[in-house]
Amino acid sequence: MKIALAGNPNSGKTTLYNAITGKNEYVGNWPGVTVDKKEADLKGKFNPQKLDIRVVDLPGAYSISPFTGEEAITRDFVLEENPDVIINIVDGANVSRSLFFTSQLLELGIPVVVALNKSDILARRGDKLDINALKKELKCEVVSTTATSENGLKDLISAVIKAGKAAKKQAKPKFKGQDSENSDKARQSFIDGIVKRCLVKKRDATKVNISDKIDRIVAHKWLGLPIFFLIMWAVYAVSIGGIGGFFTEYLNDTLFGEIIPNAVNGFLEGIAVHPLLQGLIVDGIIGGVGAVLGFLPQIMVLFFCLSLLEDCGYMSRVAVLMDRFFKKFGLSGKSIIPMIVGSGCAIPGVMATRTIEDVNQRRMTVMLTPFIPCGAKLPIITLFAAVFFPDKLWVGPVMYMLAIAMIVIGGMLLKKLFVWENTSQFIMELPEYKVPSVFHAIAQMFDKAKAFIYKATTIVMVCNAFVWFAQSFNWALQPVADQNLSVLASVGSLIAPILIPLGFVGWQLAAATVTGFVAKENVVGTFAVLLAVSEEALHLPGGPLSQLFTPVTAFAFLAFNLFTPPCFAAIGAMNSEMGSRKWLWKGLAFQFSVGYLVAMIITHVGSLIFEGTVATGFVPAVVIGIVAASYIFYKIKKSNTERDRMEMAA
Amino acid sequence: MSTLIIGLIVAGLVFIAVKRVMHDMKQPGCSGCAGCSMKDNCDSKK
């Protein structure tokens with residue numbers, strides 16, 4: 001038996017799916033989190049007869065006629081894959097709007113069971129819904145549920161199994177004007193009638209409630225941004241400097257700094273292992289992987305805090321707040337959703353752009369989403385903050401602010417550089433504020449931790465083993481005492497000249513940049529291997545890293561890593577969401593140019609202001625600056641001409 | 001002898017890691033990052 005879960009966005013489909021299948025798929029308190037269908041078997045607890053039941057979670061849809069890519073996935077599935085039963089999740093907090101889609105599902109003839117979800121919100125508001133009356137009106141089974149607490153789920157599943165076994169054709173709703181041109185209007189009138197007969201509202205929707213009062217402050221047009229900055233600062237204070245920082249310090253200084261390397265060194269020396277192999281294990285693998293894993297506590301606490309913010313409904317307000325700025329340069333307010341998702345990992349962030357209807361806005365968002373610091377970039381930010389800006393908690397939040405500023409500036413540039421058409425408006429449904437679930441936040445935190453460990457023990461380990469090998473041997477595969485004679489030095493030296501205008505001098509920086517394109521965490525691991533120091537020394541303020549950077553160039557290096565193209569996997573996601581290889585290359589060129597130019601400006605302006613000197617590479621930087629400005633000017637002029645030509649033709 | 005044994009163990013570990021990386025790279029949109037809506041297809045779970 002195949003059961004499809006269908007309903008409006010943010011009605012709680014994935015929460016219900018997780019509850020009845022035992023999965024732990026990503027859920028968020030905003031519309032458009034699920035952008036692809038997912039399948040799993042029904043959990044044994046709900047399936048005592050051990051029937052073969054497959055549950056399919058579908059992306060949210062407001063109507064059977066799709067506007068967006070993910071709505072089309074839902075439409076195609078229910079129309080083409082013939083599920084045995086559809087569980088239609090109706091948002092108890094928005095019954096009228098949800099029933100529009102319900103009425104369309106009922107017309108398909110497939111048995112439908114309505115799960116009246118979020119019944120706790122309905123009860124809290126004091127509203128009453130006559131379920132028996134609703135059953136009669138819709139001619140299908142209706143079960144009251146609260147997916148978060150699993151209330152009513154057993155009743156729901158037994159009703160679904162019963163409907164699936166009976167395999168009776170679903171009775172279609174009949175209303176006046178069903179086949180007319182204005183059928184949508186007639187359908188809404190039909191729904192309004194049902195709601196009027198079944199729902200008794202106690203709360204006066206025109207009255208200002210607590211949620212509205214909070215919104216007047218946190219979503220205020222002037223106060224909103226400073227509040228967002230303060231909240232992000234507090235999150236960083238707790239995760240980077242507070243409890244996360246405490247455990248990271250232990251991992252870096254003690255566990256990966258002393259205990260493990262000393263124990264492994266002692267053991268390998270005891271059994272007389274060759275020093276080169278010992279170097280590979282201790283300096284290459286343990287040094288590189290340990291340098292990345294040391295940040296695990298900070299990552300975990302950060303994502304725990306972000307998950308709480310998201311679950312309580314605050315992040316949806318951030319989306320509304322940003323819409324003011326975004327719409328000025330032709331982006332949709334919806335673009336903020338991929339960017340918030342991208343703060344965890346750029347890949348799901350890029351995939352979340354599927355919810356944007358307009359292809360131009362979608363492409364712009366795909367290009368701009370990787371600018372947000374993802375989990376993989378955090379170790380680089382934390383390492384550089386510890387070495388060059390010790391005890392200063394502003395570095396992390398400033399990176400977010402810089403990212404937002406570059407998204408706005410980048411968006412303006414993109415709009416001017418290319419010829420776009422902008423059509424859609426941003427409408428976002430704000431969920432009510434709620435007490436965030438600590439259980440959910442812990443689950444999210446462990447999910448991120450698992451992924452972080454997985455990456456550290458696969459791609460980061462492979463890269464660090466390679467980096468160690470390349471810095472220990474020359475092209476004749478003979479061990480070298482001087483790193484400057486190694487394979488890595490000769491390869492890095494080929495790339496290093498490109499980085500000189502940015503004030504980044506040395507093949508080591510070029511090597512770290514290249515490994516960073518494979519996975520951003522590699523930057524930290526590569527420095528640990530190249531500098532061949534213990535974790536403690538790597539993180540020391542003024543430690544060996546300061547031989548390669550000044551505080552200004554260190555900040556520029558952070559910006560360079562933040563804005564240049566993301567890791568390979570994220571580029572793969574960009575390719576599939578752009579829908580065109582030409583646009584992928586345009587996007588990558590744009591990201592590289594932004595990263596390069598921003599780092600160049602920070603280095604040279606920063607050196608003049610804070611160090612009172614001209615940084616290395618000043619002359620080539622001026623030449624590149626002039627060429628870039630001329631190109632941008634030429635491109636904008638060309639696009640304006642093209643736009644004028646199109647207007648004339650129209 | 002000890003170098004050979006430890007070398008084989010390390011080579012085995014690196015080989016497994018390379019194999020998983022290669023496998024992941026064949027699946028676009030998944031690098032074991034979790035948090036996305038494709039987790040069932042993700043190699044980190046296999």
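Residue numbers begin at 1 in each chain, while the letters A, B, ... track the order of the sequences.
The contact between A:F267 and chain B is made entirely by side chain atoms (from C-beta outward), counting heavy-atom distances below 4.5 Å. Using a 4.5 Å cut-off between heavy atoms, B:L13 touches chain A through backbone and side chain atoms alike. Neither the backbone nor the side chain of A:I571 has a heavy atom closer than 4.5 Å to any heavy atom of chain B. Proximity to chain A is limited to the side chain of B:V10, based on heavy atoms less than 4.5 angstrom apart. Heavy atoms of A:L276 lying under 4.5 Å from chain B are absent altogether. Of the two parts of A:I271, the backbone and the side chain both hold a non-hydrogen atom closer than 4.5 Å to a non-hydrogen atom of chain B.
The side chain to side chain contact (heavy atoms under 4.5 Å, CB included) test applied to A:F77 returns A:K2, A:A4, A:K37, A:V56, A:L58, A:E81, A:P83, not counting sequence neighbours. With sequence neighbours excluded, the residues satisfying side chain to side chain contact (heavy atoms under 4.5 Å, CB included) with A:K520 are A:A376, A:K377, A:I380, A:F517, A:N561, A:T564.
Considering only heavy-atom pairs separated by less than 4.5 Å from chain B, the leading option among A:M461, A:M574, A:E577 is A:M461.
In this structure, A:T457 contributes its side chain and A:Y454 its backbone to a donor-acceptor pair below 3.5 Å. A donor-acceptor contact shorter than 3.5 Å links the side chain of A:T74 to the backbone of A:P59.
A:D57 and A:K13 are not joined by a salt bridge, as no carboxylate oxygen comes within less than 4.0 angstrom of a charged side-chain nitrogen.
Taking OG1 of A:T21 as the start and CG of A:N18 as the end, the distance is 5.5 Å to the nearest 0.5 Å.
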